[in-house]
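Quick notes on the structure that follows.
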Protein chains: 2
Amino acid sequence: MASMNDVATRAGVSIATVSRVLNNNGNVNEATRAKINKAIKDLKYQPSRVAKRLRSKSISSNLLGVLIPDIENPFYVDVLRGIEELAYNNNYAIIMCNFGQDEKKEKLYLEILQSEAIDGLIVAPAREDDPLLKKMVKDGLPVVCVDRGLKDSNVDVVLVDNVTGAFTAVDYLIKSGYKRIAYIAGLVEIPSSLLREKGYRKALEANGIPFEKELVRFGDSKHKSGVELCEELLKLTNPPDAIFTGNNLITLGALETIHKRKLRIPEDIAIVGFDDMQWSSSLNPPLTAVRQPAIEIGKRAVELLIQRIQDPERSCIQMTLNTQLIERSSS
Amino acid sequence: MASMNDVATRAGVSIATVSRVLNNNGNVNEATRAKINKAIKDLKYQPSRVAKRLRSKSISSNLLGVLIPDIENPFYVDVLRGIEELAYNNNYAIIMCNFGQDEKKEKLYLEILQSEAIDGLIVAPAREDDPLLKKMVKDGLPVVCVDRGLKDSNVDVVLVDNVTGAFTAVDYLIKSGYKRIAYIAGLVEIPSSLLREKGYRKALEANGIPFEKELVRFGDSKHKSGVELCEELLKLTNPPDAIFTGNNLITLGALETIHKRKLRIPEDIAIVGFDDMQWSSSLNPPLTAVRQPAIEIGKRAVELLIQRIQDPERSCIQMTLNTQLIERSSS
DNA sequence: GTGAAAGCGCTAACAT
DNA sequence: ATGTTAGCGCTTTCAC
């Protein structure tokens, strides 16, 4: 790989001048500029982002970190798509890390990201009070949280109105005539699991239905826990007539169990899922779902992050997007 | 962020000694080692990967690049999961780029990756004769191709037996009694589209069924082209009685069209898709599919890449994994 | 066993 | 308009 020095030598100038034409600052003679540009072409020179990054924290290295909990979950994939698209448009590359809901892994990735000297970070933190992350924020790293917040910290947050989203889903089930509605939740530690439970409870209450503990099950936010917890619910002496599932993967798992038991949806058991997917209409049956604007979340996050990089002093924003109930035939 | 210098100062030694204890090479007195370790703890020192990377090409920077065509496609997401898992186990971080089948974007990302001084690259190239990529390989960057190869180049390749996979699917359809079988393919430029067509043709031939041009449609490998090309096929005066779809997204798109037209599967039209998904059994109807071992592909790629990083001279390997036909009820 | 110093590729202040 | 140089944080050779 040719270096700036090589270019300078070939063009018969100093590296400073090369740097000037590269970054387009400072005056430089048209003739020398041409010479240098030719040398760059000839040598197929490409500036080293690494050296640039090392040199000055002050200048943008055009590298963003993204740290997400679970790439298996199509919701996060969509968020990622949004992030990737807008980052690309703004000339940022992305270093993507997936911690699979594993806190140890998250910590390692945070350290790596830090030591890669990224310009900013988009993260869905494992815990709302992650100490390492909080420290990084305090140390001045621009951070935007998605899907989950970070307590007592100076970060922008992009999320969705989980309470209302869950409320709408459960209320819709009740209005459709279902009486015993279960909720299969994700990890207890994740705020959205709790917020969705809150919405669930509110809907019951608003319709005068008593809350029953046995109808709410917390799992680990993955496919398998959807399978198993649904199994548990259906085995109840007094099983539910409808299920509200806490995320994409759980929905798919629950569906699997229901199909295995040859139950009809929605006649035997209705289901409404949190998170819509592009192919939810091709599921059996087409799934009624609470749609989060995942791509939009990703884009907004990048937007806020770039703003913060450019102006670290600007006060923080909490952006709450709305969910939308997509009515199909599973309920 | 504390630097090595800070640590050295605090421990009252030179940076060389700090470097020695950090990298565990060269002798160093137990007492000084202790002092240094304490200083590291006190300052929460973290080495800069950037500086390390800049300093020496010779040493591993523990950074791998991954360049994939389409993160919307669950197949690539699974490959990515495999990559991520094994990379993590081997202490590598990943810089992930998604070029969305856009060659311009691919080129930009290749340049970025290069200038980030990655240790190695896993890529599913847009074209088999990508000149920039070929140059990077020639310049000594360790590269492993997945899903697609790179012509005349010294790279390891991990892929799947596309011909046999397609053959099995189409042969299965024929054996099940279908006579007019269509193939909705992905982009013509992508080798796997062609190889799967080859398998499709071979199966027709083996069963004495004439090839009909109007039954094969090439699209852009995305959901939307699945929707549209399926529409075209169903509108034919003599429409197919079965469809073989060239990838995940196409399958989902085709399914959407079939459902929109209220056709029964498989009575009115059967479908077998290339690529299985975790939730294919929850589709309507459960999808018969050609399963690629996507996670395995990712893992193998990392394995080969790390080997190549450690021994650039080792001769190249082309690893072909088998597909598996998962019989469900869409055919 | 430890330190001094060169250098990786670049930017930016200072000279000329 | 252009060149010289210090320095970003680290590794590594060569002294001591």
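In the text below, chain A, chain B and the rest are named by the order of the sequence lines, each starting its count at 1.
Salt-bridge check for R10(A) with D42(A): passed, with a basic side-chain N closer than 4.0 Å to an acidic carboxylate O. Under the 4.0 Å criterion applied to side-chain N and carboxylate O atoms, E84(A) and R81(A) are not assigned as salt-bridge partners.
At most 12 non-hydrogen atoms from other residues, nucleotides or ligands lie less than 6.0 angstrom from NZ of K107(B).
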Subject >> Intermediate values then yes/no, salt bridge (Lys or Arg N to Asp or Glu O under 4.0 Å), D220(A) and K222(A) >> reply: CA-CA 6 Å; D220(A) 70 355; K222(A) 301 229 181 185; over 6 Å; no
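Each of A51(B) and V28(B) lies near DNA chain C, and the nucleotide nearest V28(B) is the one positioned closer to the 5' end. Both I15(A) and R33(A) sit near DNA chain D, but only R33(A) has its closest nucleotide nearer the 5' end. Of the two residues contacting DNA chain C, namely S14(B) and A2(A), the nearest-nucleotide position lying further toward the 5' end is that of S14(B).
Between L54(A) atom CG and dA6(D) atom P there is a gap of 17 Å when expressed in whole angstrom units. In this entry the distance linking CG of N24(A) with P of dA12(C) reads 14 Å, nearest Å. Taking atom CG on D6(A) and atom C1' on dC8(C), their separation rounds to 13 Å, with Å as the unit. Atom CZ in R49(A) sits roughly 18 Å away from atom C1' in dC8(C) (whole-Å rounding). Rounded to whole angstrom, the span from the CD atom of E116(A) across to the C1' atom of dC10(D) amounts to 14 Å. The separation between M1(A) atom CE and dC10(C) atom C1' is 12 Å, rounded to whole Å. Rounded to whole angstrom, the span from the CG atom of N25(B) across to the C1' atom of dT2(C) amounts to 13 Å. Whole-Å rounding puts the Q114(A) CD to dG9(D) C1' distance at 15 Å.
In terms of phosphate contacts, N27(A) brings a side-chain nitrogen or oxygen within less than 4.0 Å of OP1 or OP2 of dA1(D). Taking side-chain N and O atoms only, S48(B) has no distance below 4.0 Å to OP1 or OP2 of dC10(D). Phosphate proximity of dA1(D) to T17(A): absent, as no side-chain N or O sits under 4.0 Å from OP1 or OP2.
Comparing dC10(D), dT5(D), dG9(C) by their nearest atom to the side chain of S3(A) picks out dG9(C). The side chain of N29(A) lies closest to dT2(D), out of dT12(D), dT2(D), dC10(C). In this structure, of dG3(C), dG3(D), dC10(D), it is dC10(D) that holds the atom nearest to the side chain of K52(B). Checking dG9(D), dG9(C), dT2(D) against every side-chain atom of T32(A), the shortest atom distance belongs to dT2(D). The side chain of Y45(B) sits closest to dC10(D) out of dC10(D), dT2(C), dG3(D). For P47(B), whose side chain is taken as the heavy atoms from C-beta onward, the closest listed nucleotide among dG3(C), dT2(D), dC10(D) is dC10(D).
One donor-acceptor pair, N or O on each side, does fall under 3.5 Å between the base of dG3(C) and the side chain of R20(B).
V13(B) comes within 4.0 angstrom of sugar-phosphate atoms only, judged by non-hydrogen atoms across all strands, and of no base.
By the 4.5 Å heavy-atom criterion applied to side chains, T320(A) and V158(A) are not counted as neighbours.
The salt bridge (Lys or Arg N to Asp or Glu O under 4.0 Å) analysis of residues 138-150 of chain B, with sequence neighbours excluded, yields the pairs K135(B)-D139(B).
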